[in-house]
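What follows is a set of notes on a single structure, which appears directly below.
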Amino acid sequence: MANQRRDAAIVGIYEWPKRVDPSVSAMQMKAASIKAALDDAGLKWSDVDAIYDAGDGDGGGGGLGLAAYLGLKPTVIDTTQVGGSSYEFHAAHALRDIAAGKAKVAVLSYGSKSATRRVPIGTGGGAGGGTWSGNMESPYGTTLIANYAMVANRHMHDYGTTSEQLAHISVATRHHAMRNPEAVQAMTDLQFVGVNEITIDDVMSSRVIADPLHLLECCMVSDGGGAVIIASADVARNTKKKPVWIIGSGEATKYRENGSDITTSAGAQSAPLAFGEAQVSPSEIDIAMIYDSFTITVAVCLEDLGFCKKGEAGPFVSTSGIAFDEPGKLTLNTDGGGLSSNHPGMRGIFLLLEAARQLRGESTSQVPGAKLAVSHGNGGLLGGTHTGGTVILAAD
Amino acid sequence: MPNRPQPDLPEHDTAAFWEGVKAGELRYQTCNDCKEVVFTPRAHCTACGSGKLTTKAAKGTGTVYTYSVVRQSRHPNFADLGAYSVAYVDLDEGFRMLSSIVGVNDPTTEIKIGMPVKVEFEKQDTGDYPIPVFRPV
């Protein structure tokens with residue numbers, strides 16, 4: 001561990017508390033979240049010299065548009081947009097840019113009004129034609145959920161994975177959500193049927209949206225936002241809270257290829273890069289914040305990150321104890337996840353926020369003494385074109 | 001008749017594929033330089049970057065690699081269809097295509113991974129282009 005890097009750290013965090021919020025715009029969410037995260041760190045508006053942005057904010061115009069809106073003149077702008085994992089890519093790029101001496105205080109932010117605007121993210125059908133890919137896919141009416149469901153079906157075919165096994169992910173995540181007042185409010189505001197703990201039977205008896213995925217295996221569609229401040233080591237030594245160090249990152253892409261294995265995601269490429277840089281192994285990780293768009297996303301990514309072998313996520317999630325108050329080593333998605341806390345469309349920033357809370361000791365489902373966390377985002381379509389972004393975080 | 005969305009043409013990469021469909025052919029490409037099978041259609045080889053590709057007609061037979069059945073869709077062309085399938089089909093020539101499996105009474109129980117299927121060109125309510133779908137054989 002002697003050479004484990006300590007170049008950049010998460011020093012300020014803020015998560016927008018409401019998941020249905022008609023009172024603000026997505027850009028207002030971003031700006032107010034940035035101010036609150038800077039306050040959390042004890043840093044000033046004018047300290048920001050780097051902006052990372054995924055082009056969210058309901059037409060926010062990327063890093064340039066955000067800089068103008070905020071009234072800042074950063075010397076690093078990065079508008080990487082790779083779906084829900086954009087924020088893991090941003091954290092990786094902020095680490096790189098800070099280590100290179102190009103920036104000292106980097107800002108990541110997110111704002112989306114998908115619930116208020118009633119965006120049918122999972123069931124709206126494919127994008128229109130007129131492009132090289134759209135013209136080959138739009139005639140078939142495949143939905144986002146069906147794309148992930150095709151991965152689940154093949155995983156079940158190849159490895160004997162069952163819906164009952166995958167349902168353990170929904171159950172543990174809801175267990176965490178019920179301890180998080182903001183998640184409880186989210187489920188209430190979004191009129192969930194039964195804002196309470198759920199059972200395997202509840203998941204199995206919820207309606208099928210796209211075979212084999214049930215309603216309770218799918219993330220919600222919410223409003224939401226937040227911000228993360230990442231600072232250089234010299235800045236991090238003087239911030240209000242304990243820094244959460246970024247010690248490794250990995251980025252990868254995957255897409256449909258002739259003869260390829262759909263049950264393996266880009267995470268199989270990004271994770272070894274991140275763990276290698278961090279000089280830690282998956283068995284040392286306390287907290288896994290894995291993008292839970294659907295249960296199958298978590299299952300595939302747990303395998304690809306090395307927490308279990310390929311094909312063994314079913315037994316792993318159903319027997320190892322993934323809830324914070326179960327004896328297993330690895331604890332999963334302690335904020336309540338996209339399944340039960342928030343999913344405004346691209347939830348990658350929340351994976352960083354909750355990992356940071358855990359490593360500061362501030363989670364509503366706190367794992368005592370949590371030292372190491374991984375935030376892994378899967379952006380795009382798990383069964384099609386997607387990215388994997390892996391970030392390894394360490395407590396101070 | 002179904003009313004699937006039509007391809008939006010002209011579009012440089014996919015125009016020849018859809019002209020093939022109109023002519024009753026399921027077209028794919030191979031690279032003259034490295035023999036890679038290229039699909040979906042492009043003007044370059046995805047393995048070596050060569051611009052020398054040959055367009056060929058597939059036999060139209062293959063197997064279901066994976067599938068799902070869409071029970072909920074807000075897309076206006078599919079919203080009233082009831083449960084319908086989407087699938088990745090592996091064609092015998094070595095390319096994988098997104099399509100739909102038709103000709104089964106209950107897609108939720110009758111479609112199986114590995115099932116042999118054959119292409120058919122499904123006429124649509126509106127538009128000049130039939131849509132290639134697959135039926136169990």
Side-chain angles (χ1 to χ4, degrees), chain A residues 118-159 206-215 218 221 255-263 294 296 381-385, chain B residues 2 4-15 17-18 28 36-43 46 65-79 81 83-88 90-91 93-100 107-109 111-114 122 124 129 131-133:
Chain A
R118 298 192 161 275
V119 183
I121 297 171
T123 55
T131 66
W132 68 274
S133 56
N135 266 1
M136 302 302 289
E137 303 204 342
S138 65
Y140 300 107
T142 186
T143 61
L144 182 147
I145 299 178
N147 180 280
Y148 284 76
M150 288 200 290
V151 179
N153 258 344
R154 186 73 202 192
H155 202 280
M156 291 173 174
H157 174 269
D158 286 356
Y159 308 116
S206 64
R207 72 180 189 276
V208 174
I209 306 294
D211 297 69
L213 295 177
H214 302 77
L215 176 67
C218 302
V221 178
Y255 35 84
R256 174 159 48 96
E257 292 177 286
N258 299 328
S260 70
D261 173 16
I262 200 176
T263 68
F294 305 94
I296 186 62
L381 298 173
L382 187 67
T385 301
Chain B
R4 299 176 182 276
Q6 291 278 296
D8 187 355
L9 297 164
E11 194 284 316
H12 286 288
D13 283 312
T14 55
F17 174 85
W18 287 105
Y28 70 106
E36 178 82 358
V37 175
V38 177
F39 194 88
T40 62
R42 265 160 276 202
T46 47
Y65 174 71
T66 189
Y67 73 99
S68 179
V69 180
V70 179
R71 311 268 192 113
Q72 183 174 333
S73 172
R74 299 267 182 87
H75 191 291
N77 291 60
F78 298 92
L81 254 191
Y84 62 92
S85 69
V86 293
Y88 282 146
D90 281 342
L91 279 296
E93 289 82 2
F95 64 96
R96 181 171 296 169
M97 176 176 171
L98 179 72
S99 188
S100 182
T108 67
T109 58
I111 300 170
K112 306 288 180 200
I113 288 173
E122 182 189 68
Q124 305 297 311
Y129 293 93
I131 303 297
V133 295

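Side-chain atoms are counted along with the backbone in the values below, which use heavy atoms only and exclude waters and symmetry mates. In what follows, chains carry the letters A, B, and so on, assigned in the order in which the sequence lines appear, proteins first and then strands, with residues in each chain numbered from 1.
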Quick check for you: among A/A149, A/A152, A/A210, which has the greatest number of heavy-atom pairs under 4.5 Å with chain B?
A/A210
Distance-minimising heavy-atom pair for A/I121 and A/L144
O-CB, 3.7 Å
Okay, B/A87 and chain A: the region with an atom under 4.5 Å from a heavy atom over there is backbone
Of the listed B/P7, B/P10, B/P41, B/S99, the one with the largest count of heavy-atom pairs under 4.5 Å with chain A is B/S99
Can you tell me which portion of B/F17 sits under 4.5 Å from chain A's heavy atoms? Options are side chain, backbone, both or neither.
side chain
Using non-hydrogen atoms only, which part of B/P107 is less than 4.5 Å away from chain A: side chain, backbone, both, or neither?
neither
Counting heavy-atom pairs under 4.5 Å to chain A, which of B/I113, B/I131, B/D13 comes out on top?
B/I113
Partner residues of A/Y140 under the ring pair (Phe, Tyr, Trp, His ring centres under 6.0 Å) criterion, sequence neighbours left out
none
Using a 4.5 Å cut-off on heavy atoms from C-beta on, say whether the side chain of B/L98 contacts that of A/M136.
no
Taking the six-membered ring of B/Y65, is the NZ or CZ of B/R96 close enough (under 6.0 Å from the centre) and on axis enough (within 45°)?
yes
Heavy-atom pair count under 4.5 Å with chain B, highest-scoring of A/H157, A/R256, A/E257:
A/R256
Turns out that what part of B/F39 lies under 4.5 Å from chain A's heavy atoms comes down to both
Which pairs count as salt bridge (Lys or Arg N to Asp or Glu O under 4.0 Å) when at least one residue sits in residues 139-157 of chain A, sequence neighbours excluded?
A/R154-A/D158
Determine the option with the most heavy-atom pairs under 4.5 angstrom with chain B, choosing from A/I209, A/N258, A/N147.
A/N258
Measuring only between side-chain heavy atoms, which start at C-beta, is A/V221 closer than 4.5 Å to A/R118?
no
Choice from A/G384, A/S260, A/G259, A/S133 maximising heavy atom contacts with chain B below 4.5 Å:
A/S260
Mind checking whether A/T123 and B/S73 have side chains closer than 4.5 Å, heavy atoms only?
no
Checking A/T131 against chain B: side chain, backbone, both or neither under 4.5 Å from a heavy atom?
backbone
Whether B/Y28 and B/F95 hold their rings parallel, tilted or perpendicular, with breakpoints at 30° and 60°:
parallel
